[in-house]
Amino acid sequence: DTIEKLSARIYEKTGNRLVETMSEILRGITGGECRELLIDEDFHIRVDTGSDLVSIENLRLITVGQIYLSLRLAMGEILCGAEKLPVLLEEMFGENAAQTVTWLTGDQRQVIVSTGKKKELEILKNTGIACNTITI
C-alpha cells in the first residue's frame with residue numbers, strides 16, 4: 001500500500017512537471033498560438049488556444065508535430081536537467097518554421113536542420129540567425 005502511494009505521488013509530480021514543461025515549450029515554438037497543453041487522466045490531449053479548447057484530433061498536422069517535439073524536448077529537460085540537448089530537425093513546420101527555430105536557438109539550443117527544400121533554407125536565412133550551410 002505504501003509503495004503504491006509513493007508511486008502515485010512520484011507519477012503525479014513527474015507527470016505534472018512534464019505537461020507544464022511541454023506547455024511552456026509549445027507556447028514558445030507556436031509563438032503563443034497554443035497557450036497550454038491539457039492532458040486528462042485518460043490521456044486525452046487538448047490545447048488551449050486562448051479562445052477555445054481543441055482536441056488533438058481536430059488540430060492541424062503541423063500542430064500535432066509541434067506537440068510531439070515539445071514532448072521530446074520536455075523529456076530531455078527532465079532527464080538531463082540544465083544541459084540543453086541539441087535538436088535535429090529533418091522536417092520543419094511549414095509557415096511556423098521560423099518561429100520554431102528562433103525559439104529553439106533563443107533557448108540556447110544547438111539546432112541542426114536537414115532539408116532538401118530551398119524554401120526552408122530561405123526561411124532560415126530570413127530569421128537572421130547565424131547558420132552554416134552544407135550542400136551535398
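Each residue takes its place number in the sequence, starting with 1. Please read all numbers here as calculations on a predicted model, not as lab measurements.
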>> So, applying side chain to side chain contact (heavy atoms under 4.5 Å, CB included) with L69, which one of I29, L26, I25 is it?
In response: I29
>> If we ignore hydrogens and angles and just use 3.5 Å, is the side chain of D48 paired with the main-chain N or O of G50 as donor and acceptor?
In response: yes
>> Counting neighbours of CG on N132 that are heavy atoms of other residues, nucleotides or ligands and sit closer than 6.0 Å, is the number greater than 12?
In response: no
>> For the CD1 atom of I112 and the SG atom of C131, what is their distance to the nearest 0.5 Å?
In response: 12.5 Å
> Does R27 reach the main-chain N or O of R35 with its side chain, forming a donor-acceptor pair under 3.5 Å?
Replying inline: yes
> Would you call I123 and K125 a side-chain contact if the rule is heavy atoms closer than 4.5 Å?
Replying inline: no
>> Tell me if a side-chain donor or acceptor on D52 pairs with a main-chain N or O of V54 at a distance below 3.5 Å.
In response: no
>> Any non-hydrogen side-chain atom of L85 less than 4.5 Å from a side-chain atom of L73?
In response: no
> Does the pair I129 and L124 meet the rule for a side chain to side chain contact (heavy atoms under 4.5 Å, CB included), with working shown?
Replying inline: CA-CA 7 Å; I129 297 169; L124 287 175; over 6 Å; no
> Taking side chain as C-beta onward, heavy atoms only, is L37 less than 4.5 Å from I67?
Replying inline: yes
> CG/N58 to OG1/T63 distance, rounded to the nearest 0.5 angstrom?
Replying inline: 11.5 Å
>> Within the supplied structure, the quantity of interest is the number of heavy atoms (other residues, nucleotides, ligands) at a distance under 6.0 Å from L79 CG; does it exceed 12?
In response: yes
>> Using a 3.5 Å distance criterion without hydrogens, assess whether the side chain of E36 forms a donor-acceptor pair with backbone atoms of E20.
In response: no
>> Are F43 and L38 connected into the same hydrophobic cluster when the rule is that any two of I, L, V, M, F, W, Y join if their side-chain heavy atoms are below 4.5 Å apart?
In response: no
> Step by step, would you call L18 with I39 a side chain to side chain contact (heavy atoms under 4.5 Å, CB included)?
Replying inline: CA-CA 11 Å; L18 178 64; I39 303 176; over 6 Å; no
>> With heavy-atom distances below 4.5 Å as the criterion, would you say the side chains of I78 and R17 are in contact?
In response: yes
>> Salt bridge check, K84 against E77: does any charged N sit closer than 4.0 Å to a carboxylate O?
In response: yes
>> Please determine whether side chain to side chain contact (heavy atoms under 4.5 Å, CB included) holds for the pair L89 and V111, giving the CA-CA distance in whole Å, both sets of side-chain angles, and the decisive distance to 0.1 Å.
In response: CA-CA 7 Å; L89 297 174; V111 180; 4.1 Å; yes
> Would you call E33 and R60 a salt bridge, taking side-chain N to carboxylate O under 4.0 Å as the test?
Replying inline: yes
> Could you walk me through whether Q66 and T100 pass the side chain to side chain contact (heavy atoms under 4.5 Å, CB included) check?
Replying inline: CA-CA 9 Å; Q66 290 172 314; T100 300; 3.7 Å; yes
>> Testing the basics here: between W103 and R109, what is the closest heavy-atom pair and its distance to 0.1 Å?
In response: CZ3-NE, 4.4 Å
>> Within the 4.5 Å heavy-atom criterion, are L53 and V47 side-chain neighbours or not?
In response: no
